[in-house]
Amino acid sequence: MSFVDNVINTTKNVAATAGKKTDEAIRTSKLKIKSSQLNSDIKSKYEKLGTLVYEMSRTGEKDTEAFDAMIAEINAANAELADIEKQLDELKGKVACPACGVKTDNDNAFCPKCGAKLPEKPVEEVVEEPVINEDKGE
Ligand SMILES: [Zn+2]
């Protein structure tokens with residue numbers, strides 16, 4: 001990443017942190033909508049896969065190309081869903097243990113269930129509140 005990119009990113013982060021609470025609420029609901037869309041999408045893909053497998057068995061004709069394509073689609077959708085779940089966890093200040101999968105506060109250094117080392121908490125930009133100089137009339 002170049003210096004310019006860094007500057008741009010930092011500026012973006014600072015701007016994002018300013019309206020953080022509202023942004024978080026919007027992000028959370030957007031992610032939740034996306035997550036439920038993906039869940040029903042995945043369900044219908046499983047159904048299609050089931051139909052395909054049934055038809056292949058019934059007719060004795062193996063359409064491996066369609067089968068592989070279906071599996072790839074499901075894998076992609078599941079990966080996208082996992083990414084969204086991770087983002088939702090981050091917004092809630094939670095992290096999933098890489099070893100046992102239990103969700104815990106991202107302040108913890110180790111998993112309370114299995115003791116595995118947890119990933120470092122993502123570093124947040126600290127935005128200082130603007131200091132308002134009150135004129136006390138002294
Ligand atoms: Zn664990």
Side-chain angles (χ1 to χ4, degrees):
M1 193 181 276
S2 74
F3 173 72
V4 176
D5 285 336
N6 266 329
V7 171
I8 291 167
N9 271 332
T10 310
T11 316
K12 272 185 190 161
N13 285 342
V14 172
T17 319
K20 210 172 165 226
K21 286 288 162 212
T22 337
D23 281 358
E24 275 182 13
I26 293 166
R27 263 190 79 195
T28 304
S29 58
K30 273 187 183 167
L31 285 170
K32 277 183 179 167
I33 291 164
K34 188 89 204 194
S35 157
S36 77
Q37 279 171 347
L38 268 170
N39 268 312
S40 63
D41 193 34
I42 290 166
K43 243 188 194 173
S44 80
K45 285 187 201 303
Y46 279 142
E47 264 177 37
K48 277 188 200 160
L49 182 67
T51 310
L52 182 69
V53 170
Y54 174 74
E55 284 303 317
M56 287 199 298
S57 168
R58 193 179 65 85
T59 60
E61 285 172 34
K62 283 188 179 164
D63 190 348
T64 46
E65 210 169 288
F67 180 82
D68 289 346
M70 239 19 256
I71 297 288
E73 270 188 43
I74 293 170
N75 281 343
N78 272 324
E80 203 181 333
L81 184 64
D83 186 55
I84 286 169
E85 294 295 334
K86 201 178 151 215
Q87 288 180 55
L88 276 167
D89 285 345
E90 275 170 22
L91 282 168
K92 282 186 282 187
K94 298 277 177 189
V95 67
C97 170
C100 72
V102 78
K103 286 182 183 174
T104 177
D105 290 343
N106 65 4
D107 287 334
N108 295 338
F110 297 96
C111 174
K113 194 181 170 206
C114 75
K117 184 153 176 36
L118 296 172
E120 296 281 323
K121 187 182 177 180
V123 181
E124 282 184 36
E125 294 284 328
V126 179
V127 173
E128 287 177 28
E129 293 289 323
V131 179
I132 299 158
N133 286 318
E134 281 180 53
D135 187 5
K136 288 174 185 163
E138 284 171 14

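These figures come from a predicted structure and were not determined experimentally.
- Under a hydrophobic clustering in which Ile, Leu, Val, Met, Phe, Trp and Tyr are joined whenever their side-chain heavy atoms come within less than 4.5 Å, directly or via other members, Ile26 and Leu91 fall into different clusters.
- Taking each heavy atom of Phe67 and Met56 in turn, the nearest pair found is CD1-CE, 3.9 Å.
- Distance check: Asp41 CG to Ser36 OG gives 11.0 Å after rounding to the nearest 0.5 Å.
- Thr104 is listed as a side-chain neighbour of Val95, based on a closest heavy-atom distance under 4.5 Å.
- Put simply, Ile33 and Ile42 are part of two different groups of oily side chains (I, L, V, M, F, W, Y) that touch within less than 4.5 Å, one to the next.
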Candidate pair Leu118 and Asn106, rule side chain to side chain contact (heavy atoms under 4.5 Å, CB included), full reasoning: CA-CA 8 Å; Leu118 296 172; Asn106 65 4; over 6 Å; no
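- No continuous path of hydrophobic side-chain contacts links Leu88 to Val102 [ILVMFWY only; heavy atoms under 4.5 Å].
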Got a list of side-chain donor-acceptor pairs under 3.5 Å for residues 74-86, not counting sequence neighbours?
from: Asn78; atom 1: ND2; to: Ile74; atom 2: O; distance (Å): 3.4
from: Glu80; atom 1: OE2; to: Lys34; atom 2: NZ; distance (Å): 3.2
from: Asp83; atom 1: OD2; to: Gln87; atom 2: NE2; distance (Å): 3.0
from: Glu85; atom 1: OE2; to: Ser35; atom 2: OG; distance (Å): 3.4

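- Here the closest heavy-atom approach between residue Gly101 and residue Ala96 is recorded as O-CB, 4.2 Å.
- Between the side chain of Thr28 and the backbone N or O of Glu24, at least one donor-acceptor pair lies under 3.5 Å.
- In this structure, Tyr46 OH and Thr51 OG1 are separated by 14.5 Å, a value rounded to the nearest 0.5 Å.
- For Lys43, the NZ atom is loosely surrounded, since the number of other residues' heavy atoms within 6.0 Å does not exceed 12.
- For Lys30, there are no salt bridge (Lys or Arg N to Asp or Glu O under 4.0 Å) partners at least two apart in sequence or on another chain.
- Inter-residue side-chain proximity for Lys45 and Lys48 is flagged as unmet; no heavy-atom pair is nearer than 4.5 Å.
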